[in-house]
Amino acid sequence: MNIIKLNAIDSTNSYLKELVQKSVLDTFTVVVAKEQTLGRGQLGTTWVSEQGKNLTFSLLIRFSDFKIQDQFYLSMAVSLGLISALKQFVGVSLKIKWPNDILAEKDKIAGILIENILRSSVINYSIIGIGLNVHQETFPRNIENVTSLKKISGTIFNEDELLYSILNSIKKYVKFIEEEAFEGLKKMYLAELYKINTPAMFEDKKGVVFLGKIISVDKNGRLVVELENETTRKFNLKEIKFASR
C-alpha cells in the first residue's frame, strides 16, 4: 500500500487524479493531507476541515471489469468499509445516510466523494475522497448537525491507526465487487442505512414535505421511498432530503 503524505493541498482527489495521469500507480495508492484548501463534497459542495484536526485522504482503486451500470455498488462498499472500521473505535450508533455520509447518532462525522474514470463501458479506476472529522470540536455556524470522533468519545486518536484500519476495511468490502457478490453487498448496506423502514418526514426538490419511509436503494443508486398510499417514488441525489428536525 503506497501512502503519500502532504502538509497542504487544494484537494487530495484532484492531486491523485493528476498524479495517476502522469505516472503508473498501484491500486490502493493513497494521498493524505493535513490540510485541504478546496476539499470537495457531493455535487460541487465544499468539505470544511480545520487544519491538522481531521483525516482527509483519497485512494485509487483499479478494476478489471467493473461495469458502469454497477457503479453504486462501489459507494456501498466504501461506506460499509468506513462505518465498519469506525465501529472499532467508538461505541455510539453509526449509520450510513444515503448515499454515503456517515452519521454518529444523528450528526455527520464523515463524507465520501467518488470520481470514476471510464474506459469504454467499464470503470478503469476510481478515485475516492474521504473526509473524517477526528479531533475538530468547533464548526462554522452555517454547518449544522456535524460532530467528530473526539466530540462523541472524548478520546485522542492515532490518525495513522485510523487510516490503516479504514483502508483495510474498505479492501474487504471491495472484494465483494471483484467477486460480483452484489446482492450480499446491498443487503449489508441496507442493514446500515439510516431510517430504513422507519416513517419520516421528507422534502422534495420542489419544497413539498411528505411522509414516507425508505425501503430500498435501486441498482442506479436511487433512494426508494414508500409513500402513505403504499406507492413508491425513486429519488436521485439532491432530489430529496429529510425535513428539518
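Since the model is a prediction, treat every value here as computed from it, not as a measurement.
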*Asks:* When rounded to the nearest 0.5 angstrom, what is the spacing between CD1 in I112 and CG in N100?
*Replies:*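 The distance works out to 4.5 Å.
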*Asks:* What distance separates M76 CE from M188 CE, expressed to the nearest 0.5 Å?
*Replies:*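 So the CE of M76 and the CE of M188 are separated by 10.0 Å.
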*Asks:* How far apart are the closest heavy atoms of S216 and I196, and which atoms are they?
*Replies:*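 Nearest heavy atoms, S216 then I196: N-CD1, 4.2 Å.
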*Asks:* Side chain to side chain contact (heavy atoms under 4.5 Å, CB included), that's the test. Do K150 and T155 meet it? Break it down for me.
*Replies:* CA-CA 5 Å; K150 186 179 179 184; T155 303; over 6 Å; no
*Asks:* So, S169 side chain and G81 main chain: donor-acceptor pair closer than 3.5 Å or not?
*Replies:*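 Between the backbone of G81 and the side chain of S169 there is a qualifying donor-acceptor contact (under 3.5 Å).
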*Asks:* Is there a side-chain contact between D204 and I240, using heavy atoms and a 4.5 Å cut-off?
*Replies:*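 When only atoms from C-beta onward are counted, I240 and D204 do not touch, as no gap falls below 4.5 Å.
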*Asks:* Begin with the C-alpha distance, continue with both residues' side-chain angles, and end with the deciding distance and a verdict on side-chain hydrogen bond (donor to acceptor under 3.5 Å, both in side chains) for E115 and S126.
*Replies:* CA-CA 6 Å; E115 298 181 86; S126 298; over 6 Å; no
*Asks:* Inspect the contact between D160 and K5 and indicate whether a charged nitrogen and a carboxylate oxygen are less than 4.0 angstrom apart.
*Replies:*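 Yes, K5 and D160 are salt-bridged.
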*Asks:* Over 60° means perpendicular and under 30° means parallel, so tell me whether F66 and F63 are parallel, tilted or perpendicular.
*Replies:*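 It falls in the tilted class, 30° to 60°.
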*Asks:* Could you tell me which non-hydrogen atom of K213 sits nearest to which non-hydrogen atom of T198, and how far apart they are?
*Replies:*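 Minimum heavy-atom contact is CB-O, 3.6 Å.
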*Asks:* Rounded to the nearest 0.5 Å, what's the gap from CG on L16 to CD1 on I128? Could you check?
*Replies:*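 L16 CG to I128 CD1: 10.0 Å, rounded to 0.5 Å.
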*Asks:* Nearest 0.5 Å, please: how far is CG in L149 from CG in L162?
*Replies:*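 Interatomic distance, L162 CG to L149 CG, rounded to 0.5 Å: 6.0 Å.
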*Asks:* Considering the options Y73, Y189, Y173, which one meets the ring-ring contact (aromatic ring centres under 6.0 Å, His included) requirement together with F182?
*Replies:*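 Looking at Y73, Y189, Y173, the match for F182 under the ring-ring contact (aromatic ring centres under 6.0 Å, His included) is Y73.
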*Asks:* Taking all atoms of both residues into account, what is the closest heavy-atom pair of Q71 and N116, and its distance?
*Replies:*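 So the minimum-distance heavy-atom pair works out to OE1-ND2, 3.1 Å.
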*Asks:* Taking the side chain as every heavy atom from C-beta outward, state whether L6 and I9 have any pair of such atoms under 4.5 Å apart.
*Replies:*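 L6 vs I9: side chains touch.
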*Asks:* Quick one: sort the F235 and F210 rings into parallel, tilted or perpendicular, breaks at 30° and 60°.
*Replies:*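 Geometry flag for F210 against F235: parallel rings.
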*Asks:* Within the side chain of N133, is there an N or O that forms a donor-acceptor pair under 3.5 Å with the backbone of Q136?
*Replies:*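 Absent.
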*Asks:* Does the structure place the NZ or CZ of K241 under 6.0 Å from the centre of the six-membered ring of F202, at an angle of no more than 45° from the ring's axis?
*Replies:*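 Pair K241/F202 does not count as cation-pi.
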*Asks:* Determine yes or no for a side-chain-to-main-chain donor-acceptor pair under 3.5 angstrom, with D101 supplying the side chain and K97 the backbone.
*Replies:*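 Not a single qualifying donor-acceptor pair exists.
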*Asks:* Show your working on side chain to side chain contact (heavy atoms under 4.5 Å, CB included) between F89 and S153 and close with a plain yes or no.
*Replies:* CA-CA 9 Å; F89 293 91; S153 68; over 6 Å; no
*Asks:* Taking the side chain as every heavy atom from C-beta outward, state whether L74 and I114 have any pair of such atoms under 4.5 Å apart.
*Replies:*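 Yes, side chains in contact.
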*Asks:* For the residue pair D107 and V146, establish whether any side-chain heavy-atom pair is separated by less than 4.5 Å.
*Replies:*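 No, their side chains stay 4.5 Å or more apart.
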*Asks:* Between I61 and I68, is there a shared hydrophobic cluster once you connect ILVMFWY residues whose side-chain heavy atoms come closer than 4.5 Å?
*Replies:*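 Shared cluster, yes.
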*Asks:* Under 3.5 Å, is there a donor-acceptor pair between the side chain of S79 and the main chain of S75?
*Replies:*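 Answer holds: yes.
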*Asks:* Could you check if a side-chain atom of V30 sits within less than 4.5 angstrom of a side-chain atom of L167, using non-hydrogen atoms only?
*Replies:*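 They are in contact (side-chain heavy atoms under 4.5 Å apart), so the answer is yes.
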*Asks:* Side chains of N168 and M1, heavy atoms from C-beta outward: is any pair under 4.5 Å?
*Replies:*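 SC-SC contact between N168 and M1 confirmed.
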*Asks:* So, for L193 and V217, which heavy atoms are closest and what is the spacing to 0.1 Å?
*Replies:*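 In this case the closest contact between L193 and V217 is CD2-CG2, 4.1 Å.
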*Asks:* Between the main-chain N or O of R222 and the side-chain N or O of N220, is there a donor-acceptor pair closer than 3.5 Å?
*Replies:*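 No, the answer is negative, given that no donor and acceptor are paired below the 3.5 Å cut-off.
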*Asks:* Tell me whether R62 is salt-bridged to D26, with the criterion being a basic N under 4.0 Å from an acidic carboxylate O.
*Replies:*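 No salt bridge links R62 with D26.
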*Asks:* Under 3.5 Å, is there a donor-acceptor pair between the side chain of S58 and the main chain of N13?
*Replies:*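 Indeed, once roles are kept as given, a pair shorter than 3.5 Å links the two residues.
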*Asks:* Are any of the side-chain heavy atoms of I130 and I170 separated by less than 4.5 Å?
*Replies:*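 The answer is yes, as the side chains (C-beta and beyond) meet within the 4.5 Å cut-off.
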*Asks:* Can you confirm whether F72 sits close enough to P99 that some side-chain heavy atom of one is under 4.5 Å from a side-chain heavy atom of the other?
*Replies:*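 Answer yes - side chains close enough.
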*Asks:* What orientation do F157 and H135 show, parallel under 30°, tilted 30 to 60°, or perpendicular over 60°?
*Replies:*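 The arrangement is tilted - the two ring planes meet at 30° to 60°.
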*Asks:* Please check if any side-chain donor atom of S148 sits under 3.5 Å from a side-chain acceptor atom of E137, or the reverse.
*Replies:*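 The criterion, which ignores hydrogens and geometry beyond distance, is not satisfied for E137 and S148.
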*Asks:* I'd like to know if the side chain of T29 and the backbone of L25 have a donor-acceptor N/O pair within less than 3.5 Å.
*Replies:*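 Answer holds: no.
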*Asks:* Please find the pair of heavy atoms, one from F57 and one from T12, that lie closest to each other, and give the distance.
*Replies:*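 Nearest pair, atom of F57 first, then T12: C-OG1, 3.6 Å.
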*Asks:* Could you walk me through whether N54 and T56 satisfy the side-chain hydrogen bond (donor to acceptor under 3.5 Å, both in side chains) test, starting with their C-alpha distance in whole Å, then the side-chain angles of each, then the deciding distance to 0.1 Å, before giving a yes or no?
*Replies:* CA-CA 6 Å; N54 302 314; T56 53; over 6 Å; no
*Asks:* Let me check something: do L211 and Y194 share a hydrophobic cluster, defined by ILVMFWY side-chain heavy atoms less than 4.5 Å apart, either directly or through other members?
*Replies:*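 Each belongs to a different hydrophobic cluster.
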*Asks:* Where the side chain of N158 meets the backbone of E161, is there a donor-acceptor pair that is under 3.5 Å apart?
*Replies:*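 Looks like yes, one N/O pair under 3.5 Å.
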*Asks:* Can you measure from CG (D65) to CD1 (I123) and round to the nearest 0.5 angstrom?
*Replies:*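 The CG atom of D65 sits 10.5 Å away from the CD1 atom of I123.
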*Asks:* Should L227 and M201 be counted in the same cluster of Ile, Leu, Val, Met, Phe, Trp and Tyr side chains packed under 4.5 Å apart?
*Replies:*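 No.
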*Asks:* For K87, is there an ion pair with E192 - N to carboxylate O distance below 4.0 angstrom?
*Replies:*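 The answer is yes: the pair qualifies as a salt bridge.
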*Asks:* Distance-only, no hydrogens or angles: does the E180 side chain make a donor-acceptor pair with backbone N or O of I177 under 3.5 Å?
*Replies:*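 Side chain of E180 to backbone of I177: no pair is present.
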*Asks:* How many angstroms lie between atom CG of L82 and atom CG of L132, to the nearest 0.5 angstrom?
*Replies:*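 Rounded to the nearest 0.5 Å, the CG-CG separation comes out at 6.5 Å.
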*Asks:* When you look at L19 and I4, which way does the side chain to side chain contact (heavy atoms under 4.5 Å, CB included) test go after all the steps?
*Replies:* CA-CA 11 Å; L19 193 62; I4 301 166; 3.6 Å; yes
*Asks:* Does the pair L55 and V32 meet the rule for a side chain to side chain contact (heavy atoms under 4.5 Å, CB included), with working shown?
*Replies:* CA-CA 8 Å; L55 195 54; V32 189; 4.3 Å; yes
*Asks:* Looking only at atom types and distance, does a side-chain atom of E226 sit under 3.5 Å from a main-chain N or O of I214, one as donor and one as acceptor?
*Replies:*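 No, the answer is negative, given that no donor and acceptor are paired below the 3.5 Å cut-off.
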*Asks:* Tell me whether Y164 shares a hydrophobic cluster with V78, the cluster being built from Ile, Leu, Val, Met, Phe, Trp, Tyr side chains joined at under 4.5 Å.
*Replies:*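 Yes, one cluster joins them.
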*Asks:* How far apart are the closest heavy atoms of E144 and R141, and which atoms are they?
*Replies:*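 Nearest heavy atoms, E144 then R141: CG-O, 4.4 Å.
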*Asks:* Can you get from F242 to I102 by hopping between Ile, Leu, Val, Met, Phe, Trp and Tyr side chains that sit under 4.5 Å apart?
*Replies:*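 Cluster IDs for F242 and I102 match.
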